[in-house]
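These notes are about the structure you will find just below.
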Amino acid sequence: MSNIRVRFAPSPTGALHIGGARTALFNWLFARQHGGKFILRIEDTDFRRSREDSTRGIVDGLSWLGLDWDEGPDIGGPLGPYRQSERGDIYSRYLQELLDSGRAYYCFCTPEELQKEREEAAQEKRDYKYGSRCKALGPEEVKEMQQAGKPAVIRLKVPGEGYTVVHDLIRGDVSFANALFDDFIIAKSDGWPTYNFAVVVDDFGMQISHVLRAEEHLSNTPRQLLIYRALGFKEPSFAHLSMILAPDRSKLSKRHGAISVQEFQSQGYLPEALVNYLALLGWSTGRDVDIWSREEMIQEFSLEHISKSPAVYDLEKLAWMNGQYMTQLDIESLIALLEPQAQQRGWLNEENSVFFRQAVELVRNRAKTRDELLYALGYFFEEVEQYDEKGVKKHFGQHKASTVLSEVLEIVSSIGSFSAAELEEAFRKRAQELEVKAADLIHPTRLALSGRTATPGLFELMEVLGREKCISRLEKALEFIASQKGQL
RNA sequence: GGCCCCUUGGUCAAGCGGUUAAGACACCGCCCUUUCACGGCGGUAACGGGGGUUCGAGUCCCCCAGGGGUCACCA
């Protein structure tokens, strides 16, 4: 295929959510695979709801995901402007053309009148269709009403019979009876076009070859096709992607928790992981692979392998995937990922970067997300304020606990080299002398040093923590046990 | 409600007339191990229902059911 041009055309009325992100991703993959252009267009003709910070959020989100565009509002391009609010003249021209050729007409019916008709129809359980009353208005009448300052919308004349069929690349031919449509509005009374009209004019004007968008637009497509034909525009190819659903199978919304790209970003997910996960939501090759590099995705992307059924997203799998990417990360990048929070918590400063790094190395492979990693790092930087409840019962509860910890304290204070290997040797030797298992020393010590029952290998942990912290924490644990006497 | 789309394990999904119906996440065992992870091995679990077509149907057709989308001077 040549001259592939695709677009992502969000309306800036909210954050970039994962459904939109996936649509953008598929468009991007398609463009990159074919050496085509990926265009960003902002559909901001709803002036009441459009917000500038939403545009910024979307742009930032796409950038963070690494989905770069070739033409767009920020970088321009040969077929701009790329913001609908700046394309008023273009729409007006085509609107006028339709009016002149008699394919569209002014309608002076008020929203209130129409609303009333709709309600009546609903009462009588009839389907409502606009009755085309204003189609019969002669030029004189139109002029009169306009001069009287009556607001008007513009409607397209829709053929009452026949079918409009959408040739969808994913779903095949989908046909709609024209009788279903009324003469729908293509320009609002403020002069701005409605979505369906603006999209057609823009997709044509920007020479879009393939419209890849969410399934919710499928039922809009025949209306758009009608506009293409009225305007004599060449039609692009269409492909409608199935929706991403929340775990309860309903449409994604805020109540489902994290659904915006920004939220994933602020929770410390890796963009590569999100992209990989999103790519596999609705697309798959027959290949038995879950981790895909961008290059591989671009290479193998194919519309034929896009699934028709909606996909329920699964945070667990995203987390797993994030873990896969986190393990692959080099230590510098990992530290960079942690840095903002770590500094904010006072865990990382100019003096302790070596210590910080050692701690990260130690815990890194037991966390799937940044937040888990932060949690795993806690006791390296914060004093132990409380001990895991179950751990206390199990390891501090036994009557030997204080004896054991005293023994450990003795080792820790007297050992020559404070290294993992030496510590382990000393522990095992002492265990043997005491005729207990090494584990009987290890578990209480772990709890004393970290407050937790799950940590990296104890001896490595001790080495990184250092003698001083080990001693003070052991002493603190001994005090704790003493204070709990009788209750344990 | 009308119209449109969809329907393989809990989730993502392979399958495109003949398979013991892949694989991944999750879950459950076992191994490794000082704990937790990682890793390794194994396991539980699916073709929505009913009719056809065919020697043979998850795969093709029809009906039903369920889910989703859409019916604005929103996009």
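- Taking the side chain of A:Asp127 as heavy atoms from C-beta on, and the options B:A75, B:C73, B:G2, the nearest nucleotide is B:G2.
- What separates CZ of A:Phe47 from P of B:C73 is a distance of 17 Å, to the nearest Å.
- Aromatic ring pairs are classed by plane angle as parallel below 30°, tilted from 30° to 60° and perpendicular above 60°; the pair A:Phe301 and A:Trp283 is tilted.
- The aromatic rings of A:Tyr387 and A:Phe396 stand perpendicular to each other, their planes meeting at an angle above 60°, with 30° marking the opposite boundary.
- At a cut-off of 3.5 angstrom, the base of B:C38 holds no donor-acceptor pair with the side chain of A:Arg366.
- For A:Thr453, no side-chain nitrogen or oxygen approaches OP1 or OP2 of B:C36 to under 4.0 Å.
- Closest to the side chain of A:Asn365, from the set B:U34, B:C5, B:A37, is B:A37.
- The distance from atom CD of A:Gln299 to atom CG of A:Leu29, rounded to the nearest 0.5 Å, is 11.5 Å.
- If you check every strand for non-hydrogen atoms under 4.0 Å, A:Leu218 touches sugar and phosphate atoms only.
- Atom CZ in A:Phe8 sits roughly 16 Å away from atom P in B:A75 (whole-Å rounding).
- A straight line from CG of A:Leu458 to P of B:U35 spans 12 Å, rounded to a whole angstrom.
- For the OP1/OP2 pair of B:U70 and a distance below 4.0 Å, the side-chain nitrogens and oxygens of A:Lys251 include at least one atom meeting the criterion.
- Across the protein-nucleic acid pair, A:Glu460 atom CD and B:U33 atom P stand 15 Å apart, rounded to whole Å.
- Counting non-hydrogen atoms under 4.0 angstrom, A:Lys125 reaches nothing in the nucleic acid.
- Taking 4.0 angstrom as the limit, A:Ser307 places a side-chain polar atom (N or O) nearer than this to OP1 or OP2 of B:A13.
- Comparing B:G67 with B:U11, their P atoms sit 14 Å apart, to the nearest whole Å.
- Spacing between atom CZ of A:Phe184 and atom C1' of B:U70 amounts to 14 Å, rounded to whole angstrom units.
- Between the side chain of A:Ser189 and the base of B:C73 there is at least one donor-acceptor pair of N/O atoms closer than 3.5 Å.
- Side-chain nitrogen and oxygen atoms of A:Lys188 include at least one within less than 4.0 Å of the OP1 or OP2 phosphate oxygen of B:C74.
- Base engagement by A:Gly457 is indicated by at least one non-hydrogen atom pair under 4.0 Å involving a base atom.
- Between the CG atom of A:Asp248 and the P atom of B:U11 there is a distance of 12 Å, rounded to whole Å.
- Side-chain N/O atoms of A:Arg452 and base N/O atoms of B:U35 include no donor-acceptor pair closer than 3.5 Å.
- When the P atom is used for both B:U7 and B:G49, the distance is 14 Å, rounded to whole Å.
- Look at the C1' atom in both B:U44 and B:G51: the space between them is 33 Å, to the nearest Å.
- Among B:C73, B:C25, B:U35, the nucleotide with an atom closest to any side-chain atom of A:Glu316 is B:C25.
- Interatomic distance, CD1 of A:Ile42 versus CZ of A:Arg87, reported as 12.5 Å (0.5 Å rounding).
- The side chain of A:Asp46 has B:C74 as its nearest neighbour among B:G23, B:C74, B:C6.
- Of the listed nucleotides (B:A75, B:C12, B:A13), B:C12 has the atom at the smallest distance from the side chain of A:Val312.
- B:A75 and B:G18 have their P atoms separated by 49 Å, with the value rounded to a whole Å.
- Side-chain atoms of A:Tyr195 lie closest to B:A75 of the nucleotides B:A75, B:G68, B:A26.
- Side-chain proximity of A:Phe176 to B:C3, B:A24, B:C73: nearest is B:C3.
- Rounded to a whole angstrom, the distance from the C1' atom of B:U54 to that of B:G66 is 29 Å.
- In this structure, A:Phe264 and A:Tyr269 have perpendicular ring planes: the angle between them is above 60°, well past the 30° mark.
- Exactly one residue among A:His217, A:Glu215, A:Lys308, A:Arg213 makes a side chain to side chain donor-acceptor pair (under 3.5 Å) with A:His240. That residue is A:Arg213.
- Candidate nucleotides B:C36, B:U34, B:C12 were compared by shortest atom distance to the side chain of A:Ala454, and B:C36 ranks first.
- Contact annotation: A:Arg118 reaches the phosphate of B:A72 (side-chain N/O to OP1 or OP2, under 4.0 Å).
- Atom CG of A:Asp290 is separated from atom P of B:G23 by 12 Å (rounded to the nearest Å).
- For the pair A:Arg428 and B:U34, the criterion of a side-chain N or O lying under 4.0 Å from OP1 or OP2 is met.
- Under 4.0 angstrom from either OP1 or OP2 of B:C5 there lies no side-chain N or O belonging to A:Ser219.
- Spacing between B:A45 and B:C28 at atom C1', rounded to whole Å, works out to 11 Å.
- Rounding to the nearest 0.5 Å places CH2 of A:Trp192 at 12.5 Å from CZ of A:Phe197.
- You'll find that the side chain of A:Arg171 is closest to B:C6, out of B:G15, B:C6, B:C25.
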